[in-house]
Amino acid sequence: MTPTERVLTLRRALWLFLVVPLALWQVVMWSGHTIDDAGITFAYVDTWLHGGGLAFRPGDAPVEAYTNALWLGVLTPFAAVGLDLEVVSKVLGFLFAGIAAVLAYRIALRLDARRPWAALVGPLVIWGAPLFGFWVLSGLENGLFAMLVVLAVQRAMGDADRVGTLRSYWPTAIVHCSILMTRPDGILYVLALQGWTFVRAVEARASGSVGREEGIVPATLPPRRERLRAWALRAALGAGLYLVYFLIRYAYFHQVLPNSFIAKSPAQSGGIHVFDLDGPGWSYVRSGIDAYALTAPLLIALVAGLASRRTRTVAGLVLLCYLVGLLFPLVTGGDWMFEWRFLSLGFPLVGLLLAIGTVALADLVEGALARWGRSLSRWSAAVGHGAAVVVLLALALHVAGPWEARAEEREKKVNITVSDLAQRGDFYQYVAELAGIHTPLVADADAGGITWKRPVSFLDLGKLGDLSLARHYPKTYGYLRDYVFHEVRPQFIHLHGAWYDYKLQDMTEWEAMYAPISRSHTTRYAHVFEANMVAVAPFTVAGPVASLPLASGWDGAAPVAGGRRASWPGLEVQATVGDLHHAPGQRSTWGLVARASGPRRLPASAWVMRCDAIGVGAEAEPEDAAADAVVGPPAPAGARPRRSVRRRPRSRRRPR
């Protein structure tokens with residue numbers, strides 16, 4: 001076996017026995033969780049394929065509630081052939097993230113091909129952090145974005161000094177345009193890459209004295225004018241591609257900025273506080289870096305990377321891209337979700353920086369030994385290899401504890417998922433079926449799991465999918481009152497967390513027009529549904545005495561038995577959800593309380609409906625039920641007799 005073959009065998013063994021097990025561990029840990037924001041993309045893909053355009057539900061007006069147009073386009077062909085989007089998004093995210101790790105490894109290996117141990121730091125850090133794997137396997141665009149950013153860095157390493165035909169400029173232009181279409185903060189990375197490439201094209205000397213040592217430019221550089229011309233053509237091609245996409249988007253949505261940009265703009269959350277070191281943005285960034293024990297390793301890697309002539313140029317490029325990526329959470333104030341989603345987008349650059357720092361440390365150690373004398377120079381290469389291994393082991397010991405703690409924390413408590421919201425959507429549909437409403441209108445702030453594959457109409461209190469709320473809130477609460485309670489009038493309103501700031505629960509219409517339920521519909525995911533408040537609009541039960549249709553169980557596979565309908569001549573009856581309690585292992589009952597909508601008083605037999613226990617079979621009648629029963633009007637011939645139940649008090653306390 002030749003020396004080259006031995007090196008290649010060593011590299012494959014390192015990947016097989018170190019990197020691949022880490023990646024598979026991430027799959028095992030997080031593949032069961034699909035974050036609800038991914039459901040927004042899934043719902044848009046599904047509506048688009050069914051001819052409803054780019055909207056949450058067919059029939060809705062087109063509105064740009066998503067922020068990942070390229071990811072939506074990537075998923076669409078797979079959905080068109082009937083594949084499950086949850087599975088497809090995770091497989092593609094994993095593959096794209098794997099490519100990002102390979103690219104980071106190749107960049108570090110290009111700096112020093114003699115030390116695969118040093119280059120291996122990149123993929124080990126990338127796949128070892130729960131921060132990265134958790135979001136890559138969440139169904140979101142993180143894997144695609146990570147791959148594009150690392151690929152753009154690799155392209156930029158040679159673009160500053162590369163002069164060729166127009167055809168050779170297209171790859172970089174396509175990569176930059178793809179970054180812009182994948183995430184809104186992609187423009188920060190593109191501007192940083194273009195700026196760095198421009199400066200390098202201007203400053204690089206024609207002698208090529210810096211090229212061979214850094215391993216990124218040829219020995220003889222083209223003239224400065226040709227380099228600048230090549231830079232301008234690459235930038236123009238990328239801008240032209242994005243302009244085509246922008247014009248198509250504007251012609252479809254008739255908006256310069258996406259509605260998601262307006263809905264989530266910092267102006268609606270208190271403004272921009274980049275220079276407030278105690279503000280939410282800086283706290284978000286610091287907490288994420290400290291939780292993963294990365295402060296010291298990053299500082300050491302940066303000092304070493306910038307001190308070594310072999311690595312300083314590439315280290316400066318990667319550092320610039322990472323810092324501009326941090327501007328997004330600093331401006332927006334971070335994210336409410338667990339595990340620092342915005343920091344995960346640039347995490348492959350963290351792995352690349354640590355790999356570059358390891359290469360630089362090994363190079364500095366070897367250079368120092370070589371300068372000390374001929375007797376030590378023979379050992380300089382071996383000591384350099386040893387230094388890379390020592391750095392790798394020290395890094396592993398330093399971060400092992402915090403990273404294991406992060407994995408345990410996320411395993412116990414994850415973000416709100418598509419399945420969580422699907423249960424909430426089933427709850428809405430269950431009550432709507434009892435009321436005879438085929439497609440209920442729901443006002444909620446979590447859109448993905450409710451709109452994807454759920455037959456509901458949706459008023460997005462999160463503002464992403466609603467043009468009116470995005471433009472008017474929080475300017476006037478009077479508009480919010482008229483819009484929600486009088487113009488739209490959804491059958492269900494669900495409030496939690498920051499959406500209590502809408503003050504809907506304090507408006508008179510909340511109790512006058514709705515029946516509040518103080519508890520949320522399930523406690524199985526208590527960490528998701530804490531401090532929830534649901535309001536249900538009263539609905540009418542009319543027609544002869546008859547059996548309610550079976551409604552699909554929202555908390556189990558078995559259908560849930562309904563109840564009965566009843567009416568009295570000339571009297572319209574309204575039934576509203578009176579109370580709901582459910583916890584795993586406990587029997588749970590629905591009570592739908594009847595109220596007269598007209599001037600006539602409701603008869604004593606006002607209980608028109610009783611629902612059996614949810615998912616656990618019918619609940620036995622209380623022993624004294626007969627004493628409380630009141631005989632109602634005679635039932636039509638052939639109708640099933642109406643079961644008598646206790647009459648529940650009609651008064652309600654306002655939920656706190």
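Below, each value reflects all heavy atoms present in this structure, side chains not excepted, and no hydrogens, waters or symmetry copies. The model shown is predicted, which means the values in this text are computed figures rather than measured ones. One-based numbering along the sequence shown.
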> Between His176 and Leu193, is a side-chain contact (heavy atoms from CB on, under 4.5 Å) present by the stated rule, with each step listed?
Replying inline: CA-CA 9 Å; His176 285 190; Leu193 291 164; 4.0 Å; yes

> Got a second to check how far Leu124's CG is from Leu392's CG, nearest 0.5 Å?
Replying inline: 6.0 Å

> Any side-chain heavy-atom pair from Pro348 and Phe132 closer than 4.5 angstrom?
Replying inline: yes

>> Quick check for you: to the nearest 0.5 Å, what is the distance between Leu148 atom CG and Ser178 atom OG?
In response: 5.5 Å

>> To the closest 0.5 Å, what do you measure between CZ (Arg155) and CG (Leu103)?
In response: 11.5 Å

> Under 3.5 Å, is there a donor-acceptor pair between the side chain of His398 and the main chain of Ala293?
Replying inline: yes

>> Does Val324 form a side-chain contact (heavy atoms from CB on, under 4.5 Å) with Leu191? I'd like the steps, not just the answer.
In response: CA-CA 9 Å; Val324 298; Leu191 290 176; over 6 Å; no

> Rounded to the nearest 0.5 Å, what separation is found between the CZ atom of Phe338 and the CD atom of Glu409?
Replying inline: 8.0 Å

> Among side-chain atoms of Asp363 and Thr311, is any donor-acceptor pair under 3.5 angstrom?
Replying inline: no

> Do the two ring centres, one from Trp15 and one from Tyr105, sit under 6.0 Å apart?
Replying inline: yes

> Roughly how far apart are Arg234 CZ and Asp159 CG, rounded to 0.5 Å?
Replying inline: 4.0 Å

>> I'd like to check Phe78 versus Asp84 (side-chain heavy atoms, cut-off strictly below 4.5 Å). Are they in contact?
In response: no

> Looking at CZ of Arg341 and CG of Leu140, how far apart are the two atoms once the value is rounded to the nearest 0.5 Å?
Replying inline: 6.0 Å

> Quick one: salt bridge (Lys or Arg N to Asp or Glu O under 4.0 Å) pairs with a partner in residues 278-297, sequence neighbours left out?
Replying inline: none

> Is it the case that Arg183 places NZ or CZ above or below the six-membered ring of Phe328, under 6.0 angstrom from the centre and within 45 degrees of the axis?
Replying inline: yes

> Between Tyr322 and Val149, is a side-chain contact (heavy atoms from CB on, under 4.5 Å) present by the stated rule, with each step listed?
Replying inline: CA-CA 10 Å; Tyr322 181 64; Val149 168; over 6 Å; no

>> Before you tell me yes or no, could you show the steps for Asn415 and Trp135 under side-chain contact (heavy atoms from CB on, under 4.5 Å), namely the whole-Å CA-CA distance, both residues' side-chain angles and the distance that decides it to 0.1 Å?
In response: CA-CA 11 Å; Asn415 290 297; Trp135 288 107; 3.5 Å; yes

> Are Phe134 and Trp340 close enough that their ring centers fall under 6.0 Å?
Replying inline: no

> Can a donor-acceptor pair be found between the side chains of Trp71 and Ser89 at a distance below 3.5 Å?
Replying inline: no

>> Can you list everything that forms a side chain to side chain contact (heavy atoms under 4.5 Å, CB included) with Val175? Sequence neighbours excluded, please.
In response: Leu151, Ala152, Ile179

> Is any side-chain heavy atom of Tyr66 less than 4.5 Å from a side-chain heavy atom of Leu54?
Replying inline: yes

> Parallel, tilted or perpendicular: which describes the rings of Tyr245 and Tyr242, with under 30° parallel and over 60° perpendicular?
Replying inline: tilted

